[in-house]
Amino acid sequence: MEKHTYIPKGVCARQIDFEIEDGKLHNVKFTGGCDGNTKAIGKLLEGADAAHTVEVLKGNLCGMKGTSCADQLAKGIEEVLGK
């Protein structure tokens with residue numbers, strides 16, 4: 001599995017780490033952010049289709065921030081899939 005690190009912008013999380021193997025997400029972990037919520041995101045996405053995850057999470061907002069940890073994860077995944 002190839003490990004990826006994304007540095008989010010505009011959210012409380014400082015780093016998002018994840019792996020993609022055969023188009024599936026594994027080991028999604030946030031550094032910082034709302035601990036319970038980010039842990040839940042990681043558990044829910046274990047083995048999920050990476051491209052579908054982008055479709056579902058992209059554009060989800062947290063208050064007036066214009067983004068969210070989930071949205072930032074989607075952007076990180078999208079960046080990797082676009083390579």
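If you're wondering where the values come from, they're calculated on a predicted model, not measured in any experiment.
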- Are Phe18 and Val80 close enough, and set up right, to give a side chain to side chain contact (heavy atoms under 4.5 Å, CB included), and what steps lead you there? CA-CA 10 Å; Phe18 58 94; Val80 169; 3.9 Å; yes
- Task: Apply side chain to side chain contact (heavy atoms under 4.5 Å, CB included) to the pair Asp17 and His4, showing each step before the final yes or no.
- Result: CA-CA 6 Å; Asp17 296 301; His4 304 280; over 6 Å; no
- Task: Run the numbers on Ile20 and Leu81 for side chain to side chain contact (heavy atoms under 4.5 Å, CB included), then give the verdict.
- Result: CA-CA 9 Å; Ile20 298 177; Leu81 295 178; 4.2 Å; yes
- Decide side chain to side chain contact (heavy atoms under 4.5 Å, CB included) for Gln15 and Ile7; before the verdict, give the C-alpha distance in whole Å, the side-chain angles of both, and the deciding distance to 0.1 Å. CA-CA 5 Å; Gln15 181 173 311; Ile7 305 301; 4.1 Å; yes
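Note that NE2 of His52 and CG of Leu45 are 10.0 Å apart. Values are rounded to the nearest 0.5 Å. The OG1 atom of Thr53 lies 5.5 Å from the CD1 atom of Ile77; values are rounded to the nearest 0.5 Å.
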For residues 26-33, please give each side-chain donor-acceptor pair under 3.5 Å, one per line with the distance, not counting sequence neighbours.
{"residue": "His26", "atom": "ND1", "partner": "Glu46", "partner atom": "OE2", "Å": "2.7"}
{"residue": "Asn27", "atom": "ND2", "partner": "Glu19", "partner atom": "OE1", "Å": "2.8"}

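In plain terms, the two heavy atoms of Val11 and Cys69 that are nearest each other are CG1-N, 3.7 Å.
For Asn37, the side-chain contact (heavy atoms from CB on, under 4.5 Å) partners are Cys34, not counting sequence neighbours. The salt bridge (Lys or Arg N to Asp or Glu O under 4.0 Å) test applied to Lys65 returns no partner, not counting sequence neighbours.
Gln72 contributes a side-chain N or O that, together with a main-chain N or O of Lys9, makes up a donor-acceptor pair within less than 3.5 Å. A donor-acceptor contact shorter than 3.5 Å is absent between the side chain of Asn60 and the backbone of Asp71.
At a threshold of 4.5 Å between side-chain heavy atoms, the hydrophobic network of Ile, Leu, Val, Met, Phe, Trp and Tyr places Val56 and Ile41 in one connected group. Both Tyr6 and Leu57 are assigned to one and the same hydrophobic cluster, defined by single-linkage of ILVMFWY side chains at heavy-atom distances under 4.5 Å.
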